[in-house]
Amino acid sequence: MSEKQNYRCGYVGLIGRPNVGKSTLLNHMIGQKISITSHKPQTTRHRILGIKTTDEAQFVFVDTPGMHQAGKHAMSRYLNRAAASTLNDVDVVIFLIEAVSFTDDDETVLSKLKTLDIPVILAINKVDRLADKERLLPFLAEISQKMNFAEVLPVSALKDINLREIEQAIIKHLPENAPFFDEDQITDRSVRFLAAEIIREKLTRTLHQELPYNLTVEIEQFKADEEQTLINAIIWVERANQKGIVIGKNGERLKEIGKQSRLDIAKLIEHRVHLELWVKVKEGWSDDERALHSLGYNDDLKS
Ligand code: GDP
Ligand code: MG
């Protein structure tokens, strides 16, 4: 493929406030779940690359934690840094907002984008939820005034509406390059990392309490033989009472989390999975920059 003339390849930043659907869009563009999603803000904590290769182009999507107004926590600062640093080395940006509103957090993101000299494609997501489609046109007109967007597209990441159109819009702004990655590679992350993320997704989705920062997953063992892949994982919480919440009555919640995780991981690695989960307490880690580093929250400009 690399001998092909006019082949395009470049980096595409997915930018937007928490919860607009960046990770969902990435997964649906790639056709595989590589970035975890949930209805809770700040589900995505790491920068993750999703790679899509076609005959015409290779798209290297960069999923980021959502940008939001800076909070006091070390984790919150880390999330904003990760999102902002992405903007320094992408060829084009997909700026996601939700139909039909433009919030203060959207304004914060917009003001950052305006300072850059990168083409910005505005994707107005979740149009499938719009009962009154007539509200879309005036919204489109109003939003288009905010900045000189390369393109403005109403989309639904979840229902695959206009995703092909996004792809076509992106291609125009990708530089001519031979592909950076093998054509069958879909992410820069290891299966070990993806397994930890899947477990974190199930935790985030299962726990109804507000636990935005104080949960993390560490894979202690990841060992494959012919028959199955054995995975031991530790779920780190910050306080002893959270341990009980995660485990649930008679261990039922943890069992369910384990079951759902096992099924998703097995699908991802196409192998039988034996998963063991342990819950442990480590106090105050989300407020401690050093602890964040030890758990893999590094400022990874190039990973
Ligand atoms: P992120 O924080 O920007 O990465 O957002 P996520 O991808 O985690 O999505 C946040 C929530 O919005 C999840 O519950 C998704 O299922 C939901 N979502 C994302 N895209 C769409 C969409 O096009 N339509 C609808 N109805 N929901 C969506
Ligand atoms: Mg996300």
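Order of listing sets the numbers, starting from 1, for every ligand and every atom in it. Predicted, not measured: the structure shown is a model, and the values here were computed from it.
- Heavy-atom contacts of Arg129 reach the following atoms of ligand 1: 26 (N) (cutoff under 4.0 Å).
- The residue from Leu158, Ile30, Asn125, Leu96 that alone fulfils the side-chain contact (heavy atoms from CB on, under 4.5 Å) condition with Leu25 is Leu96.
- Surrounding CD of Glu220 are at most 12 heavy atoms belonging to other residues, nucleotides or ligands under 6.0 Å away.
- Between the side chains of Ser23 and Asp63, at least one donor-acceptor pair of N or O atoms lies under 3.5 Å.
- The closest non-hydrogen atom to atom 5 (O) of ligand 1, taken over Gly21, Gly16, Pro18, Ala123, comes from Gly21.
- Look at Arg253 and Glu256 and you find no salt bridge, because none of the NZ, NE, NH1 or NH2 atoms lies under 4.0 Å from a carboxylate O.
- Arg272 CZ: 12 or fewer foreign heavy atoms inside a 6.0 Å radius.
- Listed by number with element, the atoms of ligand 1 under 4.0 Å from a non-hydrogen atom of Ser156 are 22 (C), 23 (O), 24 (N).
- Residue side and main chain included, Thr37 places no N/O/S atom under 2.8 Å of the Mg ion (ligand 2).
- Of the heavy atoms in Asn125, only side-chain atoms (C-beta onward) come closer than 4.0 Å to ligand 1.
- The nearest non-hydrogen atom to atom 6 (P) of ligand 1, considering only Ile36, Leu26, Leu25, Thr24, comes from Thr24.
- In terms of polar-atom proximity, defined here as any N/O pair under 3.5 Å, Asp63 makes no such contact with ligand 1.
- Looking at heavy atoms from C-beta onward, Thr53 lies out of side-chain contact with Phe181 at the 4.5 angstrom threshold.
- Scanning Arg205, Arg17, Glu201, Lys126 for the heavy atom closest to atom 18 (N) of ligand 1 points to Lys126.
- Listed by atom number, the atoms of ligand 1 under 4.0 Å from Ser23 heavy atoms are 4 (O), 7 (O).
- Thr37 and Arg205 share a side-chain donor-acceptor pair at under 3.5 Å.
- Below 3.5 Å of separation, one finds no N or O of Lys159 facing any N or O of ligand 1.
- When heavy-atom distances to ligand 1 are checked against a 4.0 Å cut-off, Leu158 comes that close through both its backbone and its side chain.
- For Lys223, the NZ atom sits in a loose shell: 12 or fewer heavy atoms of surrounding residues, nucleotides or ligands are nearer than 6.0 Å.
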